[in-house]
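Structure, as structure tokens:
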Amino acid sequence: MFARKGAGDHGILMGTSTQKDVSCDAVPQHVAVIMDGNGRWARRRILPRQVGHRAGIKPIRQIVEQCMCRGVKFLTLFAFSSENWQRPREEIRRLMVLFVEALNSEVEELYEKGVQLSFIGETGLLNPALQELMKAAEIRTHNNSRMNLAVAVAYGGRADLVNAAKKVARQVSEGTLDPEQIDETHYASALEMARLPDVDLLIRTGGEQRISNFLLWNLAYTELYFSDVLWPDFGVDEMKKALDFYVGRQRRFGRTGEQIEGARC
Ligand code: FPP
């Protein structure tokens, strides 16, 4: 459905203009966000952690608005990781309640704004009522095309890679795929993000500088932006800083700076 930049996309070598897509774009096509720092935000105010998670809803609204305004086409948010199942049961329960509330209160507005909503991760592990709401939200917004908002819930990058390997292995064992046909494009089509282009910009808030098992395959050439600001305080101005950081990056994808300069738009 969406164009993926493949290994064979050698625009610069072939004298075409496709290189423009990888070096000169001021606006990232796909932004992913690790929304970290809700717990510390609450602790600093001597409040329970769930208050921090609840305060994390407002910046989501602001970031969605800002991305739409700047022309970002894909936004992916890391809401709950495979590893987050290890958190205290009560925190998980309250987070799930928050997801249900957020879906109930936000989906209609996202629909009105032209946002297509999708979910990635092992969503089958979630409460059935939440799964139903997710499915309904996907169906409701299916025909929207202004921006795609993907929410990663119960998502783990390694599990995603393993599940994709299983899918491809099944195709081979069923005789529908010759192992020689397996290339990066085919493998990527078995991943959770198959329908989405690679991530251009990853933002992590909360001061930590790590990937935490988020989109491992899809972050191979992503520009990384780390902010010390805790997620509940990450508003429009902070998002502008992140997008401005991206503008200043030279994306080389293995090529030299001179090659990129030569092809500059
Ligand atoms: C990480 O901060 C945050 C989470 C595990 C939950 C993220 C959830 C939200 C922002 C709100 C709801 C989201 C949606 C999509 C409806 P942390 O708890 O690890 O913070 P800490 O590092 O300060 O402890």
Side-chain angles (χ1 to χ4, degrees), residues 31-67 74-111 113 115-123 125-127 129-138 140-141 147-157 192 202-215 226-236 238-239 242:
V31 175
V33 187
I34 300 177
M35 307 178 289
D36 194 17
N38 295 348
R40 279 164 287 160
W41 185 92
R43 203 166 55 232
R44 282 178 195 175
R45 289 161 178 76
I46 322 174
L47 292 167
R49 292 179 63 84
Q50 66 265 22
V51 179
H53 293 316
R54 195 166 282 278
I57 298 286
K58 186 175 164 204
I60 294 179
R61 287 197 199 103
Q62 293 182 337
I63 267 55
V64 167
E65 287 279 343
Q66 182 66 16
C67 282
F74 303 90
L75 174 64
T76 300
L77 302 176
F78 202 11
F80 190 82
S81 74
S82 315
E83 291 70 30
N84 286 152
W85 289 118
Q86 298 170 67
R87 292 198 171 195
R89 280 173 74 107
E90 185 55 15
E91 179 172 350
I92 296 172
R93 192 189 68 77
R94 285 178 183 271
L95 259 173
M96 297 300 152
V97 168
L98 187 59
F99 293 154
V100 168
E101 285 178 17
L103 284 172
N104 279 326
S105 65
E106 307 294 326
V107 170
E108 208 45 37
E109 203 178 323
L110 290 169
Y111 169 76
K113 286 182 171 142
V115 175
Q116 186 187 66
L117 199 52
S118 61
F119 297 91
I120 61 165
E122 297 181 301
T123 52
L125 299 174
L126 301 169
N127 170 306
L130 178 54
Q131 287 184 48
E132 281 306 310
L133 277 174
M134 287 171 159
K135 232 176 271 164
E138 286 181 336
R140 176 75 173 135
T141 61
M147 189 177 80
N148 182 293
L149 172 60
V151 183
V153 189
Y155 177 86
E192 292 273 344
L202 173 77
I203 299 168
R204 182 177 185 138
T205 64
E208 308 290 1
Q209 302 198 354
R210 53 181 173 243
I211 303 300
S212 297
N213 199 21
F214 197 21
L215 305 160
F226 299 105
S227 166
D228 287 336
V229 175
L230 303 176
W231 177 249
D233 292 328
F234 195 87
V236 172
E238 295 302 325
M239 189 62 188

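Whatever order the structure lists ligands and atoms in, that order sets their numbers, starting from 1. Position 1 is the first residue of the sequence; numbering continues from there.
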Between W85 and F80, how do the two ring planes meet: parallel, tilted or perpendicular, split at 30° and 60°?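 Taking F80 first and then W85, their aromatic rings stand perpendicular (interplane angle over 60°).
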
Between W41 and R45, is there a cation-pi geometry (under 6.0 Å to ring centre, at most 45° from the normal)?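 Because its charged atom sits under 6.0 Å from the ring centre and within 45° of the axis, R45 does stack over W41.
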
Quick one: closest heavy-atom pair of F226 and E208, and the distance?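 For F226 versus E208, the nearest heavy atoms are CD2-O, 3.4 Å.
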
Identify the heavy atoms of A32 and F214 that sit nearest to each other, and give their distance.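 It is CB-CE2, 3.9 Å.
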
Using a strict 4.0 Å threshold on nitrogen-to-oxygen distance, state whether E132 and K135 make a salt bridge.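 Salt bridge: yes.
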
Atom CG of N213 and atom CD1 of I34: how far apart are they, to the nearest 0.5 Å?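 Those atoms lie 10.0 Å apart.
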
Under 3.5 Å, N/O to N/O: give me all the pairs between ligand 1 and the protein, one per line with atom names and distance.
residue	atom	partner	partner atom	Å
ligand 1	2 (O)	D36	OD1	3.3
ligand 1	2 (O)	G37	N	3.4
ligand 1	18 (O)	R49	NH2	2.7
ligand 1	18 (O)	R87	NH1	2.9
ligand 1	19 (O)	D36	OD1	3.3
ligand 1	19 (O)	R87	NH2	2.7
ligand 1	20 (O)	G37	N	3.3
ligand 1	20 (O)	N38	N	3.2
ligand 1	20 (O)	G39	N	3.0
ligand 1	22 (O)	D36	OD1	2.9
ligand 1	22 (O)	R40	NE	3.4
ligand 1	22 (O)	R40	NH2	3.0
ligand 1	23 (O)	G39	N	3.3
ligand 1	23 (O)	R40	N	2.7
ligand 1	23 (O)	R40	NE	2.7
ligand 1	24 (O)	R49	NH1	3.2
ligand 1	24 (O)	R49	NH2	3.1

